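In the text below, chain A, chain B and the rest are named by the order of the sequence lines, each starting its count at 1. Here the structure is a predicted model, which means the values were calculated and not measured.
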Amino acid sequence: MTRQLDADGRLRHFLTTEGLPRNLLLLILDTAESFAGVIGKSVKKVPLLRGRTVINLFFEASTRTRITFELAAKRLSADVLNVNVATTTVKGESLLDMLRNLEAMQADMFVVRHSESGTAEYVARHVGEAVSVLNAGDGRHAHPTQAMLDAFTIRRHKGDFEPLVIAIVGDVMHSRVARSQIHALNGLGAGEVRVIAPRTLLPRNIESLGVRVFHDMRLGLKDADVVIMLRLQRERMQGALLPSEPEYFRLYGLTEDNLAVAKPDAIVMHPGPINRGVEIDSRVADGARSVILEQVTNGIAVRMAVMSMALGARREIPRAPT
Amino acid sequence: MNPLPEVDDLLSRMGKDLLALVAQRNAGQHVALIGIHTGGAWLAERLHPMLGLTSPPGALNIHFHRDDFNRIGMHPHVQPSHLPFEVDGSLIILVDDVLYSGRTVRAALNEIFDYGRPAAVRLAVLVDRCGRELPIAADVVGARLELNPTDQVKLLGPSPLELSIKREYT
């Protein structure tokens with residue numbers, strides 16, 4: 001396992017929320033809070049990463065995540081390159097060769113997204129001392145910046161994590177977002193993290209991550225402060241995990257009706273993109289308790305925070321001769 | 001070495017000088033006070049009632065414009081800048097506790113210009129000590145102190161406000 005932290009306990013790479021100390025998770029949220037203020041200025045840009053080069057290395061299609069990473073890097077004044085690799089599997093030597101080439105162009109940071117678990121970690125293991133790697137989603141494993149922007153959104157609405165009941169609903173099995181959320185929210189000391197899903201969409205031993213499991217939607221949503229809906233990841237499904245989409249919606253879709261058993265001030269979240277009428281009713285997604293678009297806005301501040309934390313105070317590290 | 005001056009005395013002198021400075025503004029021009037976080041913001045709060053300004057004082061965080069980010073990295077818990085008025089066309093009075101190298105003021109000017117184009121910026125500092133590294137001078141000064149380069153002078157506060165000097169003896 002590549003260490004995410006340097007010898008002084010500072011963020012060097014950001015690969016997973018698993019095992020990060022609470023003070024570092026809080027530091028990410030606090031730093032993001034200060035960047036949120038930048039959005040209120042007429043010049044929405046700060047010069048912290050002027051002269052640095054950030055490369056978005058996307059092996060898997062993504063619009064929102066890539067755009068918010070790109071915007072975050074640009075608001076920090078970094079130069080950004082987007083490399084979209086069409087082939088779905090670039091392994092072994094070819095990936096390493098590509099990394100060497102990009103490093104030879106003096107890249108300072110790779111933002112990596114890949115459909116295979118462990119890719120960001122693999123890249124982090126092979127880059128030089130002066131380069132940082134951020135995980136923008138790897139297979140079913142982790143999506144740490146999404147989890148932190150969710151935590152950031154929750155804290156802005158609810159304050160302390162300690163008294164909160166947070167329900168994560170849906171396709172936990174295929175969801176890197178859910179895994180990262182569970183680690184982050186437990187790391188931040190959330191009162192109770194629940195997962196609500198049919199047995200076929202839950203990984204075995206999910207309880208060992210520190211969650212309460214529900215198979216009934218209304219029981220699981222009862223008195224929740226936060227409801228996080230997951231996208232049904234049809235493209236990752238093999239075999240018959242579901243009877244049908246209408247049946248899934250009837251049992252696990254979020255509607256005004258079953259949301260009524262949550263706390264009256266509960267907020268509704270979704271990492272996007274939304275399948276309307278599959279996991280969430282449009283009236284809820286567009287309703288007063290939905291903070292889904294706020295999550296997108298907060299994603300920029302959180303990604304600015306992680307980028308500046310990983311690249312701050314790193315210029316002193318000499319580069320290996322290329 | 002004389003004892004350090006009382007902050008209250010310095011503030012009332014600065015208030016008088018600032019009033020004279022504000023009196024020279026163009027007719028109808030908006031004047032706003034901005035304190036640099038944290039010491040300058042405390043001083044701006046105290047100076048504000050002496051000047052009869054219409055808008056509340058602003059607080060400026062210069063962290064994103066510091067020139068030592070590559071050496072020391074991010075500061076945790078940065079309070080965002082808060083400027084509750086229009087910067088465009090205003091006469092800005094920038095307040096800080098200690099003027100030394102001038103680098104903080106350089107960073108503050110950059111931050112202010114991210115909010116708009118002020119008509120003019122004037123600088124008021126509680127303490128001016130020698131050791132400038134940039135061509136920057138204060139318009140209003142509470143006290144000028146001759147100090148050794150290793151001395152550290154600091155404003156403690158917010159209540160009461162008090163100057164303190166840390167000396168390193170070698």
Side-chain angles (χ1 to χ4, degrees), chain A residues 5-12 14 21-52 72 75-78 108 130 132 155-156 301-319, chain B residues 30 32 34-38 40-41 44 55-92 94 102-121 134:
Chain A
L5 309 184
D6 66 13
D8 302 322
R10 290 186 302 195
L11 202 65
R12 152 101 200 271
F14 193 36
R22 182 170 302 178
N23 59 8
L24 196 85
L25 294 169
L26 287 170
L27 187 59
I28 292 172
L29 299 184
D30 291 343
T31 308
E33 198 65 58
S34 58
F35 282 120
V38 171
I39 290 160
K41 304 202 289 186
S42 71
V43 177
K44 295 172 185 48
K45 211 169 168 86
V46 293
L48 289 179
L49 298 189
R50 205 157 63 94
R52 310 292 188 96
R75 291 210 170 141
L76 291 166
S77 306
D108 295 289
S132 288
R155 191 174 74 163
R156 280 204 142 185
V302 166
R303 286 168 179 136
M304 288 171 81
V306 177
M307 285 178 161
S308 58
M309 286 169 71
L311 283 182
R314 296 187 53 77
R315 180 147 283 186
E316 307 299 288
I317 300 167
R319 282 176 177 278
Chain B
H30 175 244
I34 299 179
I36 297 176
H37 196 73
T38 46
S55 53
L60 200 67
N61 199 301
I62 55 131
H63 178 70
F64 297 133
H65 293 278
R66 290 177 66 109
D67 56 15
D68 51 7
F69 171 72
N70 289 332
R71 284 193 291 126
I72 61 174
M74 285 296 291
H75 267 258
H77 313 296
V78 180
Q79 288 284 323
S81 295
H82 180 61
L83 304 186
F85 41 76
E86 192 68 42
V87 168
D88 266 336
S90 295
L91 168 61
I92 302 286
L94 181 62
R103 287 174 192 269
T104 299
V105 173
R106 194 281 305 164
L109 290 172
N110 281 77
E111 175 77 0
I112 290 171
F113 277 73
D114 280 355
Y115 285 84
R117 183 181 186 275
V121 181
L134 296 173

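If you measure heavy-atom distances from B:His63 to chain A, the contacts under 4.5 Å come from the backbone alone. Using a 4.5 Å cut-off between heavy atoms, A:Lys44 does not touch chain B at all.
Across A:Gly37 and B:Pro80, no two heavy atoms sit closer than the pair CA-CB, 4.3 Å. Of all non-hydrogen atoms in A:Lys45 and B:Asp114, the two that sit nearest each other are O-OD2, 3.5 Å.
Evaluation of the side chain to side chain donor-acceptor pair (under 3.5 Å) rule for A:Arg156 yields A:Glu33 as partners, not counting sequence neighbours.
Note that OG of A:Ser308 is 7.5 Å distant from CZ of B:Phe64, once rounded to the nearest 0.5 Å.
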